[in-house]
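Presented below is the structure to which this report refers.
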2 protein chains.
Amino acid sequence: MLQELTESHYGKGDFIFREGDPTEYFHIVKEGTVKCVKSTPDGKECTLKMLMPGDLFCCDASAFDGTSHPGSAQPMGDVSILRMNKKAYFDMLRRNPDAALEVIKFLGNRLKEAQEKTKDLALDRADQRLASLLVDLATRNGITDPGGIRLTVRLTRQDMANMVGITTETAIRIMGRFKRDGLVSGTANRLFICNLSGLKALASAS
Amino acid sequence: MLQELTESHYGKGDFIFREGDPTEYFHIVKEGTVKCVKSTPDGKECTLKMLMPGDLFCCDASAFDGTSHPGSAQPMGDVSILRMNKKAYFDMLRRNPDAALEVIKFLGNRLKEAQEKTKDLALDRADQRLASLLVDLATRNGITDPGGIRLTVRLTRQDMANMVGITTETAIRIMGRFKRDGLVSGTANRLFICNLSGLKALASAS
DNA sequence: AATGAAACATGATATTTATCATGTTTTGGT
DNA sequence: ACCAAAACATGATAAATATCATGTTTCATT
């Protein structure tokens, strides 16, 4: 089975696949971080999800019904990804019920996350969504360090803006406020979460 | 297998299950329309999805990992739903790879929809999101009728507001504008889409 | 037909966030 | 160390939407 997997490498600026491309493969992140992006004709972008090592992507419906990718996948820095031909993936799931159950579980979790995000976008303010994002990243990507939790992903204010549905300027202003309030420090290259519980409180403030 | 399914009926004001309840069953809508809702402590609501006959719900991760419902399910009017104990569901999927693949496909589609919604909330204006909702409902729920496409679900301005992340007042104002522009007519009890392509154009306007 | 509740409507105002413009700092590559 | 590009910063203004208040219409029930 495993011989069906091939490995590829990508760097900054590459596309793993583009929105609208036909779905040919099923993917797994091996190393690095991948972002799933949707964009509009006029150049606006929305980042749906950051994928970490071990995450599946493109294991969804488009792999089955022959349609095309609903969004693009881009590396955040250097990444390696594993790929399986969609037919092999399909056969593997048929033969291996446990794997199918794992995929169901994974997709169920992704769906839950997406719904949580929908709720945040619908009901929360910009600063709460940004705080929520930082809490999330600190938990998933942070390494403890003197001076706070350091994020291992390089994340510009623009990246953050795209992830929570605001403009770059608004992200910069809010991050400035967070910095003044001692919640965060640093910029993209070395971003620190200094007060995680403060951010948590903000994220869930009524 | 089918004997594992039990049928229940619900009416206006009932809850099929509430956010936070332990997940015990896997559900299918048999008749009527069900809404999936998330709410905040201070009474705000966000409707994630309207489920129609044939739709599965609660087939997701919470059924597997023993956690609780991430949102509530409420009927829009009278509904009947089919239910299967989660253990039976689990076993059924193990024994029946085709069923598991169907669930993967279904979840993949739900995920795609959720991501589309995320993009809309992040990048589109209120009137575009509302137009988009109406187009969607007309396609899924509409019956052609002299005077336009009539929606078979009773939908108040408040319901619409909760579905696209705006306030009731804003929904009323935008619907008023749509009515003046001849795009829609009527209110909750008899809501007509008079100009589907006009709404489509609005929904995807840059 | 009467009536209370829900739904719809609309105005005035406040708040949030986007937009546009411009300047400074940091970063990566030679 | 230098330089261009990217990232960060900030102000002024505009636009979108929420909030609050109040009134009208429609609906379901008796």
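Treat the numbers as computed from the prediction; the structure is a model and nothing was measured. Every chain is numbered from 1 and lettered A, B, ... according to where its sequence line falls, protein lines coming before strand lines. We use all heavy atoms of the structure for the numbers below, so side chains are in, but hydrogens, waters and symmetry mates are not.
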**Q.** Residues within residues 157-174 of chain A bordering DNA chain C, heavy-atom distance below 4.0 Å
**A.** A:Gly165, A:Ile166, A:Thr167, A:Glu169, A:Thr170, A:Arg173
What residues form a side chain to side chain donor-acceptor pair (under 3.5 Å) with [X], not counting sequence neighbours?
X        : value
A:Asn195 : A:Ser197
A:Ser72  : none
B:Ser68  : none

Mind calculating the distance between [atom1] ([X]) and [atom2] ([N]) to the nearest angstrom?
X        : N      : atom1 : atom2 : result
A:Leu123 : D:dT17 : CG    : C1'   : 14 Å
B:Met175 : C:dA7  : CE    : C1'   : 13 Å
A:Arg129 : C:dT16 : CZ    : C1'   : 11 Å
B:Leu191 : C:dA7  : CG    : P     : 14 Å
A:Glu45  : C:dA18 : CD    : P     : 16 Å
B:Leu130 : D:dA16 : CG    : P     : 16 Å
A:Phe178 : D:dA9  : CZ    : P     : 13 Å

Q | Parallel, tilted or perpendicular: ring planes of A:Phe17 versus A:His27, cut at 30 and 60 degrees | A | tilted
Q. B:Lys179 side chain N/O closer than 4.0 Å to the phosphate oxygens (OP1, OP2) of C:dA9?
A. yes
**Q.** Short side-chain N/O contact from B:Lys44 to OP1 or OP2 of D:dA18, under 4.0 Å
**A.** no
Provide a list of protein-nucleic acid N or O atom pairs under 3.5 angstrom, restricted to nucleotides 24-30 of chain C.
residue, atom, partner, partner atom, Å
C:dT27, O3', A:Asn189, ND2, 3.3

Q: Can you run down the salt bridge (Lys or Arg N to Asp or Glu O under 4.0 Å) pairs that involve residues 46-56 of chain B, sequence neighbours left out, and say none if there aren't any?
A: B:Lys49-B:Glu113
Q | Of all pairs that satisfy salt bridge (Lys or Arg N to Asp or Glu O under 4.0 Å), the ones with a partner from residues 172-181 of chain B, not counting sequence neighbours | A | B:Asp127-B:Arg177
Q. Side chain of A:Asp14, backbone of A:Gly11: donor and acceptor closer than 3.5 Å?
A. yes
Name each donor-acceptor pair under 3.5 Å that joins a side chain in residues 137-146 of chain B to protein atoms two or more places apart or in another chain, with its distance.
residue, atom, partner, partner atom, Å
B:Thr139, OG1, B:Val135, O, 2.7
B:Arg140, NH2, B:Met50, O, 3.0
B:Asn141, ND2, B:Thr152, OG1, 3.3

Q) Among all residues two or more places apart in sequence or in another chain, which pass the salt bridge (charged side-chain N to carboxylate O under 4.0 Å, His left out) test with A:Glu102? A) none
Q: Only counting residues at least two apart or in another chain, list the ones meeting side-chain contact (heavy atoms from CB on, under 4.5 Å) with A:Lys38.
A: A:Glu19, A:Leu48, A:Pro70, B:Glu116, B:Lys119
Q) Residues in side-chain contact (heavy atoms from CB on, under 4.5 Å) with A:Lys12, at least two apart? A) none
Q: Work out how much the helix from C:dA1-D:dT30 to C:dT30-D:dA1 bends between its end axes, five pairs an end, to the nearest 10 degrees.
A: 60°
